[in-house]
Amino acid sequence: MTGYDTKIIEPKWQAAWAEAATFEAMRDEAKPKYYVLEMFPYPSGRIHIGHVRNYTMGDVIARYKLATGHNVLHPMGFDAFGMPAENAAMASGGHPKDWTYGNIDTMVDQMKPLGFGLDWSRMFATCDPEYYGQQQSMFLDFLEKGLVYRKEAIVNWDPVDMTVLANEQVIDGKGWRSGAEVERRELTQWFFKISDFSEELLEAIDGLDQWPAKVKLMQQNWIGKSRGLEFDFDRVDGGDPIKVYTTRPDTLMGASFVGISPDHPLAKELAEKSPAVAAFNSAATKGGTTEEALEKAEKLGYYTGIEVRHPLHPDWHLPVWIANFILMDYGTGAIFGCPAHDQRDLDFCRKYELPVIETFQSLDDPKMVDDVAFVPPKTEKVSWINHFAGLTVASGEEAVDATIAFAEEQGWGKGVVNYRLRDWGLSRQRYWGCPIPVVHCDACGVVPEKKENLPVELPYDEDGKPIDFSVPGNPLDRHPSWRDCVCPSCGKPAKRETDTMDTFVDSSWYFARFTAPRATTPTNMDDAKYWMNVDQYIGGIEHAILHLLYSRFFARAMHICGHLPESAIEPFDALFTQGMVTHAIYVTRDENDRPVYHFPEDVEIHESGARLGATGEDVEVVPSAKMSKSKKNVVDPVAIIDQYGADTARWFVLSDSPPERDVEWTAAGAEAAFKHLSRVYRISTDIAGGADAGSEDDALRQALHRTIHDVTMGIESFGFNVAIAKLYGFTNVLAKAKASHAARREAVMTLAQLMAPMTPHLAEEVWAMQGGEGLVANAPWPKADESLLVDDTVTLPIQVNGKRRSEITVSKDLPKDEVEKLALEDEAVKKALAGGQPKKLIVVPGRIVNVVI
RNA sequence: GCCCGAGUGGCGGAAUGGUAGACGCAGGGGAUUCAAAAUCCCCCGCCUUCACGGGCGUGUGAGUUCGAGUCUCACCUCGGGCACCA
């Protein structure tokens, strides 16, 4: 009998918070505002323990900030467009809209019992026409400001299903359903001009001082600013020169070929005339369009028969090759190869028997390049054996500068700054996304839809029946009535754009929409000014680049169009990237030795190993992996809440691992969390009995204030696991405390407050049991009394040559020379010195003493 | 392939360059109980020693430092991202 009945306690306090509208955010100029946001979920069907962890972290911050006197905005919504809804409709019938909204309902029902302090009144899904209509309106604004444009771009094409494939749907270069070899196809698509913001997005990273360094570094590398030389190679046959871009112009004397991308205009021109070139180009472009696929593919080359002149030695002719590892999207789509100082070029030259010419060698270890290219850091000084501007010893950096200056002076090349960042292609040839609000008219061309006609809503039916998703391809493309419309400009019959937007568009401004979710414009400036920026954003590291960079771009574009104040162009003040929840995988083998996976609840763990509960068969345990349905290593939060209550789930996901790292869900860990919470309840019940347990109040108060300090620091620094360890420690102290009833009551009430961000229901219950006023959720956060945090004496370890040999306990402010004297009198030190004198004596006040012999 | 991380007892982890292993789990011992559950108390890195103690120890190898889990370099393993997964 614990008396700790979560099935009664938790709904009771959830009702109390709802009644008091504790978490409904209203503008209040009198308080500092605080906007905390967790990356919103995709409505996959059911909530996942990973969601519990993510939202619990945000909730800890939200409740803590509320208690410290902030006006808190903590909203929740759904990132609801995307492929899984269409896949579900394809696989098992039904409609993406019904599937999505059904999932949202289920997930909201599952999230509410967790007791998150969320403002549910602001909830929306990105597939709500009210949301995506505003997104369409912004698209038209962007179009007007020149932030969106159309150009040709390459997509993965499945020649059997006759559809465009997402990268995820290309497996080993083949379509995931048809198994057909994927081809490339060029389509005219819409792009956001994010590349115009390359420099600004890069420079502003420095100001993101509350972002993890690793995320900033990844974004910097992604934008990829480089300085290099652009110049032409003249063709021996007099054709159009080939423009190349290189970041290592200093190695020009080591050039042995010129390479062009299979997508380069010259490669395409040659392919038209030569079936062999066409065959090569098509072979070289098989197998998916990801950078990874291109980089990992076998390096293939085709000699075009064209030769170009070396810019410094017109009689030196270099062959032009088409090579599959050259990206048309970066630089000019053409390079010169310098095999001595680039491993990829070297592999290519060895394969096709092209010359290898060194331009510099190591200063300490000069040797000829064999199978390993010599690629020192750009800052390392090297010995130049082949440089046109007369360098002898210089670093790569210096040589690049010298080369660019030389080329500009002679007029055959110019230094240019280049970025790796490409424009953001937003067109998707799919149904379940935000329709791009333009119309194609034979007479007027591409015409924006009128704003009064927004939203351009997705059609639900087709010919009076729900759309049939079993037919491959984009249903909008073949929709009989939706597609046909009138031109907003001339009024003649026209056709709607049938592409929808990338779902990254939806998630690039939802944080701004939360500040005024029902506004009839994308945002409301007053609300945006009040609530923005997001003070604390929390989400997975997998979004370190794309989502966060796109959102940074969008905030700037929205500012340009008058939808956000200038102060909000960096929308996320602080970022925290949390780890995943993992779980062991349980596997048995079938008769063909193929793996068969089992749910954790079907497995019994014994000391000797794991067995299937039903059959007793031995189970192989694969330690800790990301939870996935196919591996069945999932834990359903609903079952955990049913068994232990929400507070146990919340406590456990925070307790065992640092938040930025993965945490492994274990049944034993959840059990332990529940036991602890039951214990706190029991201690509270005991104290509520009213008896004194002794008179040692000072010791308890000192421990309490130390805990207030440590837990507060832990929450402020995202050290939730450490904060929880401190709470365990204090609970042990309180349980044993020989103190008065008054001191113990104060201690348990403060303990409840400190636990409230993590276990809000238990905290309210304890608070109420002790006769606390109002809700813990609204009670001001306790303050540590500084005078109780310092000890009068301190124990100093004594090291001899860095190894701990002894310790002395001294007064906190004993002078250094006194400490030295005491240290030298220590038995262990005397023994080590054996009568001699120490070489050095290091005393770090309050820390350590080190005797060097 | 390229970019970015992480690696500490049987396990999850703690540790402003200053006593490595806080706190929790598992394990061992004890109390309570007719018995069990629950609860409470104690022990718990490895090797060595009757004991006191000593040696080793933070993925591997080097380095900086009076002192390194922490800083630097190289390597190994695992994880995230690579622009149409969200």
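Note: CG (A:Asp502) to C1' (B:A86) measures 10 Å, nearest angstrom. Atom-to-atom, CG of A:Asn801 to C1' of B:G18 comes out at 15 Å; the value is rounded to the nearest Å. For the pair A:Arg847 CZ and B:A20 C1', the interatomic distance rounds to 14 Å; values are reported in whole Å. Residue A:Asp5 contributes atom CG, which lies 19 Å from atom P of B:A38 at whole-angstrom precision.
Because its NZ or CZ atom is both nearer than 6.0 Å to the ring centre of A:Trp222 and within 45° of the ring axis, A:Arg420 counts as a cation-pi partner of that residue.
Taking atom C1' in both B:G67 and B:G63, one finds a spacing of 15 Å when rounded to whole Å.
For the pair A:Lys214/A:Thr577, a side-chain contact is recorded, criterion being any heavy-atom separation below 4.5 Å from C-beta on.
For B:G9, the O4'-C1' to base torsion is within 90° of 0; the nucleotide is therefore syn.
Base pairing of B:G63 is made with B:C71, judged by Watson-Crick or G-U wobble geometry with both donor-acceptor distances under 3.5 Å. Remark: B:C85 base-pairs with no nucleotide in the shown strands. Criterion, Watson-Crick or G-U wobble with two distances under 3.5 Å. Summarising the base pairing, B:A15 is matched to no nucleotide, lacking a Watson-Crick or G-U wobble pair whose two defining distances lie under 3.5 Å.
Minimum atom distance to the side chain of A:Glu168 is reached by B:C85, of the listed B:A22, B:C85, B:G5.
Note on A:Lys351 versus A:Glu298: salt bridge recorded, some NZ/NE/NH1/NH2 to OD/OE distance being below 4.0 Å.
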